[in-house]
Amino acid sequence: MKLEKISKIALYSCIGLGVVCFALFFLVDYNNMEFDGVHVSPALTDLLLILMYAMLFVTAGLSVWSLVRGAMINSGNTGPSPTGIAGGKVTLITWATVIVALIIGAVTGLGEEPYTTYSGVTTSAGMVTVVDMWICTIYILAVVAIIAVVISMSGWLTKSATPK
């Protein structure tokens with residue numbers, strides 16, 4: 001089975017699993033008021049947490065595997081990339097985007113108030129700011145990733161990089 005086909009199957013499986021889990025989260029006892037009679041306590045919150053942790057670990061594992069595999073495959077290559085896409089520039093742009101997104105997230109999260117839950121547990125303002133920073137960063141990087149996927153699927157970069 002080709003690597004591209006495996007990649008597509010994995011992508012569609014992750015999307016499908018995410019859609020099913022989020023649909024279950026919102027459709028199965030979402031407005032559960034048994035927690036305290038005021039706040040909503042969705043019944044399948046743990047399902048979403050497990051899904052997010054699983055996807056985080058799978059993504060981290062595949063990233064490390066991809067880095068090691070790419071380093072092993074490209075260890076002897078000194079010439080230009082066969083696709084014409086400059087990998088160094090892509091890496092630099094990716095890291096720059098992550099850093100800028102983190103800075104934007106930190107700036108937008110400054111000045112947050114401490115958060116006290118119903119049970120009386122208080123989270124410090126600093127931790128609320130950090131969480132807000134990461135949430136803003138995830139939104140920014142998700143938009144950038146969607147744009148990158150659309151550009152990649154269009155083939156525009158590989159077509160324009162091919163010598164005529």
Side-chain angles (χ1 to χ4, degrees), residues 1-30 41-109 112 115 117 121 123-124 126-159 161:
M1 192 180 289
K2 293 175 92 175
L3 189 59
E4 184 177 339
K5 188 173 183 179
I6 294 171
S7 177
K8 283 182 181 180
I9 290 171
L11 174 67
Y12 295 142
S13 298
C14 287
I15 291 171
L17 182 63
V19 167
V20 167
C21 287
F22 276 96
L24 287 172
F25 175 76
F26 287 113
L27 296 175
V28 176
D29 204 15
Y30 177 75
S41 178
L44 297 179
T45 302
D46 290 341
L47 174 69
L48 284 189
L49 290 172
I50 291 169
L51 173 70
M52 292 303 119
Y53 280 123
M55 286 198 174
L56 174 73
F57 290 127
V58 168
T59 304
L62 288 175
S63 297
V64 169
W65 175 77
S66 178
L67 287 171
V68 170
R69 185 173 181 275
M72 290 178 12
I73 290 174
N74 296 327
S75 62
N77 291 346
T78 55
S81 170
T83 61
I85 299 172
K89 288 181 183 176
V90 170
T91 303
L92 182 65
I93 290 169
T94 302
W95 279 109
T97 305
V98 168
I99 291 169
V100 167
L102 285 170
I103 291 169
I104 291 170
V107 169
T108 58
E112 290 289 333
Y115 179 76
T117 63
V121 177
T123 303
S124 70
M127 285 310 299
V128 174
T129 300
V130 169
V131 169
D132 285 351
M133 174 189 72
W134 282 106
I135 290 171
C136 289
T137 302
I138 288 169
Y139 288 152
I140 293 167
L141 293 178
V143 169
V144 170
I146 290 168
I147 293 169
V149 167
V150 169
I151 290 172
S152 175
M153 289 176 68
S154 72
W156 177 74
L157 288 175
T158 53
K159 289 177 187 171

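Heavy-atom basis, side chains included; hydrogens, waters and symmetry copies ignored.
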Note, Asp46 side chain near Leu49 side chain (heavy atom, < 4.5 Å): yes
For residues 137-151, tabulate all N or O donor-acceptor pairs below 3.5 Å that involve a side-chain atom, not counting sequence neighbours.
residue : atom : partner : partner atom : Å
Thr137  : OG1  : Ala101  : O            : 3.2
Thr137  : OG1  : Met133  : O            : 2.7

Can you sort out the partners of Phe26 under ring-ring contact (aromatic ring centres under 6.0 Å, His included), two or more places apart, ordered by chain and number? Tyr30
Who passes side-chain contact (heavy atoms from CB on, under 4.5 Å) against Val58, sequence neighbours left out? Leu62
Shortest non-hydrogen separation from Ile93 to Thr97 and the atoms involved: O-OG1, 2.7 Å
Less than 4.5 Å apart, any side-chain heavy atom of Leu56 and any of Met52? no
Here the pair of heavy atoms bringing Leu24 nearest to Leu44 is O-CD1, 3.4 Å
Working to the nearest 0.5 Å, report the span between CZ of Phe57 and OG1 of Thr59. 11.0 Å
Anything under 30° is parallel, anything over 60° is perpendicular, the rest tilted; go ahead and classify Phe22 against Phe25. perpendicular
